[in-house]
Student: 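Sharing a structure here in structure tokens format.
Not measured: the values here are computed from a predicted model.
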Amino acid sequence: IKQATEVQKNKDSISHTEKVLLMATEIEFLSSKNILIAREFLNTGNAGYLQLYDREQDRLLRVVSDLKRAENADKIQQATIDTVQQYVQQLTGYSVKLKEVARMTDSGVEKKRAADQVKREFSLILEQLEQYTGFIREAEWKEKATQQMANEKALRYLKIILYLFLGFVL
């Protein structure tokens, strides 16, 4: 019974790891998507993109919050998630900058320079987000491998016990 409980515990842990991996990937995807939306806004000036940006930022913040709750017992991961959260909040703050660039009356060189600067800053933030979500994924992959090895060991013990029991009964 102890071995079966251990197998179930490892199975639940692997399931948790898969959810964390999915959330880390979703954070990268949503960040990239939001940056593309912001760039479209800067390129076209269409206010619909800004509304979409704000809506998607809310979604991104929820995923980060879910990830933080899911990993609340892992202090090392929490530090990495806190860093991811800071970068995501920086992206959220760009809504104001995007509006400022859009409101610039100079439609020429100065506006283009400001838009290019925002795009460069977005690229740097995205690069950092990808680096830190990569750290999260790497730690989860290692944890998953450890869990799978423990699960295989527990299953081997269960097999041995079963064979011993069957040998004794037969």
Side-chain angles (χ1 to χ4, degrees), residues 10-148 151:
N10 285 336
K11 182 179 171 186
D12 292 343
S13 185
I14 289 172
S15 175
H16 168 80
T17 298
E18 291 294 333
K19 288 178 186 174
V20 170
L21 288 168
L22 182 63
M23 284 187 269
T25 302
E26 188 173 6
I27 289 169
E28 279 186 18
F29 170 75
L30 290 173
S31 298
S32 296
K33 180 180 177 183
N34 288 354
I35 288 172
L36 289 174
I37 291 167
R39 286 179 180 205
E40 271 309 300
F41 173 71
L42 290 171
N43 291 335
T44 67
N46 182 339
Y49 287 116
L50 190 57
Q51 292 168 350
L52 182 58
Y53 179 84
D54 290 337
R55 193 169 48 247
E56 291 297 317
Q57 277 303 114
D58 290 341
R59 185 172 159 205
L60 178 57
L61 288 168
R62 277 193 308 276
V63 174
V64 172
S65 179
D66 291 346
L67 178 61
K68 193 171 177 94
R69 268 193 308 281
E71 288 292 282
N72 65 350
D74 188 339
K75 298 303 177 199
I76 295 171
Q77 286 286 61
Q78 280 295 318
T80 305
I81 294 167
D82 287 344
T83 303
V84 167
Q85 189 173 32
Q86 289 172 357
Y87 285 116
V88 167
Q89 288 171 339
Q90 280 183 10
L91 284 178
T92 302
Y94 272 90
S95 183
V96 173
K97 274 192 174 183
L98 291 171
K99 290 175 188 172
E100 288 173 359
V101 171
R103 278 190 239 124
M104 291 178 83
T105 54
D106 176 23
S107 60
V109 176
E110 193 60 37
K111 188 172 186 175
K112 183 180 178 344
R113 187 177 302 135
D116 289 345
Q117 177 62 32
V118 169
K119 290 175 186 178
R120 279 191 299 279
E121 291 170 10
F122 275 148
S123 294
L124 293 173
I125 291 171
L126 183 59
E127 186 178 306
Q128 292 299 312
L129 271 168
E130 288 173 347
Q131 179 182 3
Y132 281 94
T133 54
F135 292 156
I136 293 168
R137 279 197 313 278
E138 184 178 323
E140 290 300 316
W141 280 113
K142 287 178 183 177
E143 186 177 325
K144 183 179 178 182
T146 301
Q147 293 160 351
Q148 285 177 331
N151 202 20

Student: Under the criterion side chain to side chain contact (heavy atoms under 4.5 Å, CB included), which of Arg39, Lys33, Glu40 is the partner of Ile37?
Tutor: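 Only match with Ile37 under side chain to side chain contact (heavy atoms under 4.5 Å, CB included): Lys33.
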Student: Gly134 and Glu28: which non-hydrogen atoms are nearest, and at how many Å?
Tutor: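 Minimum heavy-atom contact is N-OE2, 4.1 Å.
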Student: Quick check: closest heavy atoms across Phe122 and Ile35, and the distance to 0.1 Å?
Tutor: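 Answer, listing the atom of Phe122 first, then Ile35: O-CD1, 3.5 Å.
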Student: Val88 and Val63: side chain to side chain contact (heavy atoms under 4.5 Å, CB included), yes or no, with the steps?
Tutor: CA-CA 10 Å; Val88 167; Val63 174; over 6 Å; no
Student: Check Gln77 against Ile136 and note the closest heavy-atom contact, atom names and distance.
Tutor: NE2-O, 3.5 Å
Student: Under a 4.0 Å N-O cut-off, is there an ion pair linking Lys97 with Glu100?
Tutor: no
Student: Could you go through Glu127 and Gln131, starting from their C-alpha distance and side-chain angles, then the distance that decides it, and tell me whether this counts as side chain to side chain donor-acceptor pair (under 3.5 Å)?
Tutor: CA-CA 6 Å; Glu127 186 178 306; Gln131 179 182 3; over 6 Å; no
Student: Going by side chain to side chain donor-acceptor pair (under 3.5 Å), name the residues that satisfy it together with Thr92, two or more places apart in sequence or in a different chain.
Tutor: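 For Thr92, the residues satisfying side chain to side chain donor-acceptor pair (under 3.5 Å) (neighbours in sequence not counted) are Gln57.
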Student: State, without any angle test, whether Glu71 and His16 hold a side-chain donor-acceptor pair at a distance under 3.5 Å.
Tutor: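 A pair is found: one side chain offers a donor N or O, the other an acceptor, under 3.5 Å apart.
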Student: Under a 4.0 Å threshold between the charged nitrogen and the carboxylate oxygen, would Lys144 count as salt-bridged to Glu140?
Tutor: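 No.
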Student: Run Lys99 and Arg103 through side chain to side chain contact (heavy atoms under 4.5 Å, CB included) and show every step you take.
Tutor: CA-CA 6 Å; Lys99 290 175 188 172; Arg103 278 190 239 124; 3.3 Å; yes
Student: Which heavy atom in Leu42 sits nearest to a heavy atom in Ala115, and how many Å separate them?
Tutor: CD1-O, 3.9 Å
Student: Work out which heavy atom in Lys111 is nearest to a heavy atom in Val101; give both atom names and the distance.
Tutor: CE-O, 3.2 Å
Student: Looking at Lys119, I want to see if its NZ is surrounded by more than 12 non-hydrogen atoms of other residues, nucleotides or ligands under 6.0 Å.
Tutor: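 Check passes, neighbour count above 12.
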Student: Keeping Ser65 on the side-chain end and Leu61 on the backbone end, is there a donor-acceptor pair under 3.5 Å?
Tutor: no
Student: Determine, step by step, whether Thr133 and Thr25 satisfy the side chain to side chain contact (heavy atoms under 4.5 Å, CB included) criterion, reporting the C-alpha distance in whole Å, the side-chain angles of both residues, the deciding distance to 0.1 Å, and the verdict.
Tutor: CA-CA 7 Å; Thr133 54; Thr25 302; over 6 Å; no
Student: Taking salt bridge (Lys or Arg N to Asp or Glu O under 4.0 Å) as the definition, give me every residue that meets it alongside Glu26, ordered by chain and number, with sequence neighbours left out.
Tutor: Arg59
Student: Mind checking the CG-CD spacing from Leu124 to Glu121? Nearest 0.5 Å is all I need.
Tutor: 7.5 Å
Student: Strictly below 4.0 Å, N to O, side chains only: are Asp66 and Arg62 in salt-bridge contact?
Tutor: no
Student: Begin with the C-alpha distance, continue with both residues' side-chain angles, and end with the deciding distance and a verdict on side chain to side chain contact (heavy atoms under 4.5 Å, CB included) for Phe41 and Tyr53.
Tutor: CA-CA 9 Å; Phe41 173 71; Tyr53 179 84; over 6 Å; no
